[in-house]
Protein chains: 2
Amino acid sequence: MSGAELKKVGLKVTLPRLKILEILEGAGDQHHLTAEDVYKMLLEQGEEVGLATVYRVLTQFEQAGIVRRLNFENNISIFELDTGDNHDHLVCVKTGHVKEFVDPVIEERIREIAKENGYSLSGHSLVIYGALDAH
Amino acid sequence: MSGAELKKVGLKVTLPRLKILEILEGAGDQHHLTAEDVYKMLLEQGEEVGLATVYRVLTQFEQAGIVRRLNFENNISIFELDTGDNHDHLVCVKTGHVKEFVDPVIEERIREIAKENGYSLSGHSLVIYGALDAH
DNA sequence: TTTTGTGCAAAGAGTTTGCAACTAG
DNA sequence: CTAGTTGCAAACTCTTTGCACAAAA
């Protein structure tokens, strides 16, 4: 991902956008970030970017299909790169740790349920909440 | 549902609580209500109840297991009576209409996924979004 | 140069809280 | 009587917006 990706979706290549992309890509296992998280990471890197810009950029990325916005419990909004695999999430209620999974059986049932009810499927949101067992 | 239900969970039987219960029960097919919806319905009935009380009561009901709180896209919070069937929701992206469904196949997979990943399942949230087909 | 993006501060939506008055038990 | 409840207004959190300035194409 780079400046070329931005041009492709009609966004000018600017420093805030590049930095935010970089953070989303580089976050590794911690790539489920709130806008505030992204903002703080920018500050830690010494970037002078406003929180409003973070929201604007994330929203633009979402509309461009670069980013997915997830709504967890308690109205917590999380952003992650849209890798196109349309995965779902398993969230630890104790630690907040987020794990991804893809389940073909569930995907198929979702398609069927939409169809059975006469809906054109446009998306879904599945979050499983649980406590990571001690062992 | 009545005053007895309230006593059972340790809440005093007050007029705002009874009225809110009544609204949640009587809403029929429209029983997916925002706090604001409930508040407006109270006003329409000529009840002098504050919005803060609506939030407080709904939150208490949720903690008591009488009510479920759902978080749809765009951070819209919806409240519904908790009937104990643990159903999921199908939402029309055009009209906002909400339909309930229960799918044993999905339920089972969710239990398995939690287990496979070493989590004690505490709950899940599944919302399917789609457009109701014209016909 | 023209269009688009940015930072800041202010505004907005939804929800929660402090507090004095009130009411169910 | 007394602990729990309420209405009101103020506070809070998260997010969006208006606007003058700055930067990309």
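In what follows, every chain begins at residue 1, and chains take the letters A, B, ... in the order their sequences are listed.
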Practice problem: Verify the neighbour count for atom CD of A/Glu116: are there more than 12 heavy atoms of other residues, nucleotides or ligands below 6.0 Å? | Solution: yes

Quiz item: Nearest-Å distance, CZ (A/Phe61) to P (D/dT15)?
Solution: 17 Å

Self-check item: Side-chain N,O (A/Thr59) to OP1/OP2 (D/dT15) below 4.0 Å
Solution: no

Quiz prompt | Residues A/Glu22, A/Lys19: salt bridge by 4.0 Å N-O rule | solution = yes

Quiz item: NA contact type, B/Leu11, heavy-atom cut-off 4.0 Å: base, sugar-phosphate, or nothing?
Solution: sugar-phosphate

Quiz prompt | Interface residues of residues 45-57 of chain A with DNA chain D (non-hydrogen, below 4.0 angstrom) | solution = A/Leu51, A/Ala52, A/Tyr55, A/Arg56

Practice problem: Could you tell me the separation between the NE2 atom of B/His31 and the OG1 atom of B/Thr83, rounded to the nearest 0.5 Å? | Solution: 8.0 Å

Exercise. Classify the side-chain pair B/His32/B/Asp37 by whether it contains a donor and acceptor separated by less than 3.5 Å.
Key: no

Quiz item: When rounded to the nearest 0.5 angstrom, what distance separates NZ in B/Lys94 from OH in A/Tyr119?
Solution: 10.5 Å

Quiz prompt | Interface limits on DNA chain C, where chain B has a heavy atom under 4.0 Å of a nucleotide atom | solution = C/dG14 to C/dG25

Quiz item: To the nearest Å, how far apart are B/Arg17 CZ and D/dG7 C1'?
Solution: 14 Å

Quiz item: Is it true that A/Glu112 and A/Arg109 have a side-chain N and a carboxylate O under 4.0 angstrom from each other?
Solution: yes

Quiz item: Taking CD from A/Glu62 and C1' from D/dT15, how many angstroms apart are they, rounded to a whole number?
Solution: 13 Å

Quiz item: Once you round to the nearest 0.5 Å, how far does CG of A/Asn75 lie from CD1 of B/Ile76?
Solution: 10.0 Å

Exercise. Look at all strands and tell whether B/Thr34 reaches a base, only sugar-phosphate, or nothing, counting heavy atoms closer than 4.0 Å.
Key: nothing

Exercise. Take the protein atom CZ of A/Arg69 and the nucleotide atom C1' of D/dT16, then report the distance between them rounded to whole Å.
Key: 11 Å

Quiz item: Can you tell me how far C1' of D/dA23 sits from CG of A/Leu6, to the nearest Å?
Solution: 15 Å

Quiz item: Can you tell me how far CD of A/Glu73 sits from OH of A/Tyr129, rounded to the nearest 0.5 angstrom?
Solution: 4.0 Å

Exercise. Could you check B/Leu126 against A/Ile128 for side chain to side chain contact (heavy atoms under 4.5 Å, CB included), going step by step and ending with a plain yes or no?
Key: CA-CA 8 Å; B/Leu126 170 59; A/Ile128 300 179; over 6 Å; no

Quiz prompt | Position toward the 5' end of DNA chain C (nearest nucleotide), B/Thr14 or B/Phe79 | solution = B/Phe79

Exercise. Report the residue (B/Tyr39 or B/Asn75) whose heavy-atom-nearest nucleotide on DNA chain D is the more 5′ of the two.
Key: B/Tyr39

